[in-house]
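These notes concern the structure reproduced below.
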Amino acid sequence: MEVNHTTKQWKIDTPEDHRLNEAADWLKDGKLVAFPTETVYGLGADARNDQAVKNIFEAKGRPADNPLIVHVGDVEAVSELVTEVPEHAKKLMETFWPGPLTIILPVGNQLASDVTAGLDTVGIRIPDHEIGRALLKAANIPVAAPSANRSGRPSPTSAAHVITDLNGRIDGVVDGGITGVGVESTVIDCSMETPMILRPGGVTREQIEDVIGPVGVTGKLAASEQPRSPGMKYKHYAPDTAVWLVREARNMAVIANQLKDQGKKVGYLVSLERAHEMNLEQPFILGSRENIDEITQQLYQKLREIDEHDYDVVLAESFSKKGIGEALMNRLERAASEIK
Ligand code: TXA
Ligand code: MG
C-alpha cells in the first residue's frame, strides 16, 4: 500500500453540503474515507470490495482476526446483508437506530470475507450523526468502518485525531466536528437465543433490557478461551504513557507520593471535583463528576493529550459504572497499564 499519498480533508458543516457526494463517490470507488459518527470517527470502505477492506486493515495495522462493523444509512439495507433478523433484533433497531448500538446477526453472502474475519456473523449499525448518515445515504453501499485510529491507540473523537494517526495512509476524511458520545457503540450479539452484550457502549444495558428483557454480558474470559468479540482480547485505547487506574479516591495521594519519592513525574486524569479536593496542579480534567456524559465524551481526547507531556505515570480516577459509566470504566480499565 502507498503510505505517503495526501489525505484529502472535507470540512463539512451541514448534511446538504454537495461535497459529501464526492466523498461518497470515493467510497464507491474503493477508497478509504474516514467520517464522523455520534460515537467516534470511523474509517470507511466499501464492505463488498475485498481490496478496499484489506486496505482498512493495512492502514490501521489491525490484526486480521478482528471483524469490522458495517454501517448503513437505512434499515432497509440490512436485509440484504444478513440471513435473518430475529424479533428481539427488530425491536432493538426500532428503538435505538439510528444510534450507538451495533447488532450482530448471521451474515449473508454480499460482504467481503475479511469484514467478518471468517466469522459467520456480521455487526451492523446506523450511526446517529447527520453528516455521517448523509454520507452513507449518498454512497448507498454498506460501509465497513472500524474506529479511525491506528490499532491500539485511543479512538478518534475529532478529524484532527484521525489525521494524527492516519495522515497519508488513507484517502480522505470528512470533518464533521467533535463527536458527541465519545466512546464506541454497544455491541450486542443477536445471533443467539438470548442476546449478549459483547462490548458496553453508548446504549446502556438498562436501556436494552427495558426493551427486550434480560441479556447476557461477556465477563472475564479464561486465558485459553476464544472471546466472542475478537476485538476484546487486544490492548486498546492506551496512550504510550503509563496510566494507573486508582479505585479508591483516598489512595490517589498515597500512590502519588510513593511515585514522587522514586523520582517519578506524576500526572492526573480526574474530575473537576477531584482536582479541587486534591488541589492538583495542571491535571487533565475530564469534566464534572456530576456529568458522566461529558466525562465520557472527553476521555479519548484527554488520553491523547497525556502523550504530549512527559509524565512517567498518570493516575486516573475511577467513576461509577452506572449507565454510560459502564462503557467509560470499560475503556479506562483497558487503557490502564495497572489497576490499583
Ligand atoms: O462506535 C463504533 O462502534 C465505532 C464507529 C466507527 O461506528 N466503530 C468501532 O469499530 O468501534 P471497531 O472496529 O473499532 O470495533 C468493533 C468491535 C470489535 O471489538 C470487534 O471485534 C467487534 O466489534 N465485532 C465486529 N463484528 C463482530 C462480530 N461479527 N462478532 C463479534 N464481534 C464483532
Ligand atoms: Mg476500535
Side-chain angles (χ1 to χ4, degrees), residues 33-45 47 53 56-57 59-72 81-83 96-108 111 113-129 132-133 135-136 142-157 159 161-162 165-166 173-174 176 179-192 195-203 218 221 226-238 296-297 300 324 327 330-331 334-335:
V33 177
F35 63 97
T37 80
E38 79 282 37
T39 58
V40 301
Y41 274 72
L43 176 55
V53 170
I56 288 183
F57 285 85
K60 280 190 57 115
R62 183 174 177 106
D65 67 350
N66 195 1
L68 309 180
I69 294 172
V70 174
H71 298 66
V72 294
L81 306 177
V82 303
T83 56
F96 297 110
W97 281 5
L101 183 69
T102 295
I103 300 179
I104 292 182
L105 295 168
V107 69
L111 300 172
S113 61
D114 288 346
V115 168
T116 60
L119 300 176
D120 51 13
T121 55
V122 60
I124 304 178
R125 82 180 190 99
I126 302 179
D128 186 16
H129 189 289
R133 198 163 165 220
L135 173 71
L136 292 169
V143 173
S147 50
N149 51 285
R150 289 277 289 170
S151 211
R153 297 256 298 146
S155 295
T157 53
H161 297 163
V162 177
D165 279 20
L166 297 174
V173 54
V174 172
T179 60
V181 179
V183 295
E184 299 84 347
S185 62
T186 303
V187 177
I188 187 163
D189 191 342
C190 285
S191 68
M192 32 198 196
M196 181 166 356
I197 294 178
L198 305 184
R199 179 178 73 180
V203 174
T218 38
L221 296 158
Q226 183 67 17
R228 285 197 62 91
S229 179
M232 297 308 270
K233 71 174 180 277
Y234 295 108
K235 187 177 156 73
H236 259 78
Y237 321 117
T296 307
Q297 192 211 21
Y300 290 145
I324 189 88
N330 170 273
R331 305 307 191 271
R334 304 187 63 215

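Counting convention: from 1, in listed order, for ligands and their atoms alike. Predicted model, so just to flag it, every value in this text is computed and none were measured.
Distance CG/Leu68 to CG/Leu43: 9.0 Å, rounded to 0.5 Å. Rounding to the nearest 0.5 Å gives a distance of 7.5 Å between CG of Asn149 and CG of Leu166. The distance from atom CZ of Arg331 to atom OH of Tyr300, rounded to the nearest 0.5 Å, is 4.5 Å. Here the straight-line distance linking atom CD1 of Ile197 with atom CD1 of Ile104 works out to 11.5 Å at 0.5 Å rounding. A distance of 6.0 Å separates NE2 of His129 from OH of Tyr41, quoted to the nearest 0.5 Å. The OG1 atom of Thr37 sits 13.0 Å away from atom CD1 of Ile126, with the distance rounded to the nearest 0.5 Å.
The side chain of Asn66, and not its backbone, has at least one atom closer than 4.0 Å to an atom of ligand 1 (non-hydrogen atoms only; side chain from C-beta on). Neither the backbone nor the side chain of Asp189 has any atom closer than 4.0 Å to an atom of ligand 1 (non-hydrogen atoms only). In Arg62, the part holding a heavy atom less than 4.0 Å from any atom of ligand 1 is the side chain.
Any N or O atom pair closer than 3.5 Å counts here, and Tyr41 shares no such pair with ligand 1. At least one N/O-N/O distance between Ser185 and ligand 1 falls below 3.5 Å. No N or O atom of Lys60 sits closer than 3.5 Å to an N or O atom of ligand 1. Inclusion of Glu184 in the set of residues having an N or O under 3.5 Å from an N or O of ligand 1 is not warranted.
Donor-acceptor pairing under 3.5 Å is recorded for the side chains of Ser155 and Glu184.
Residue contact check for ligand 1: Thr116 places no non-hydrogen atom closer than 4.0 Å to it.
Counting atoms of ligand 1 from 1 in the listed order, those under 4.0 Å from a heavy atom of Leu119 are 28 (C), 29 (N), 30 (N). Counting atoms of ligand 1 from 1 in the listed order, those under 4.0 Å from a heavy atom of Thr121 are 28 (C), 29 (N), 30 (N). Here is the list of ligand 1 atoms found below 4.0 Å of a heavy atom in Thr39: 1 (O), 2 (C), 4 (C), 5 (C). Taking every heavy atom of Pro146 and a limit of under 4.0 angstrom, the matching atoms of ligand 1 come to 10 (O), 12 (P), 13 (O). Under a 4.0 Å criterion applied to the non-hydrogen atoms of His71, ligand 1 contributes the atoms 5 (C), 6 (C), 7 (O). Near Ile69, meaning under 4.0 Å from one of its heavy atoms, ligand 1 places the atoms 3 (O), 8 (N), 9 (C), 10 (O), 16 (C). The ligand atoms of ligand 1 that sit less than 4.0 angstrom from a heavy atom of Ile104 are 27 (C), 28 (C), 30 (N), 31 (C), 32 (N), 33 (C).
Of all non-hydrogen atoms in Gly44 and Ile56, the two that sit nearest each other are C-CD1, 4.4 Å. Of all non-hydrogen atoms in Val107 and Leu119, the two that sit nearest each other are CG1-O, 4.2 Å. Considering all non-hydrogen atoms of both residues, Gly202 and Val181 come closest at CA-CG1, 4.1 Å. Pairing each heavy atom of Ile188 with each of Pro195, the nearest pair is CD1-CB, 3.8 Å.
Evaluated by nearest non-hydrogen atom to atom 25 (C) of ligand 1, the leading choice among Gly123, Pro67, Ser151 is Pro67. The option with the heavy atom closest to atom 14 (O) of ligand 1, from among Ser147, Ser155, Gly42, is Ser147.
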Walk me through whether Arg199 and Thr102 qualify under side-chain hydrogen bond (donor to acceptor under 3.5 Å, both in side chains). CA-CA 9 Å; Arg199 179 178 73 180; Thr102 295; 5.1 Å; no

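For the Mg ion (ligand 2), protein N, O or S atoms under 2.8 Å: 1 in total.
At a threshold of 4.5 Å between non-hydrogen side-chain atoms, the residues Ser147 and Lys60 count as touching. Using a 4.5 Å heavy-atom cutoff, the side chains of Phe96 and Thr186 are not in contact.
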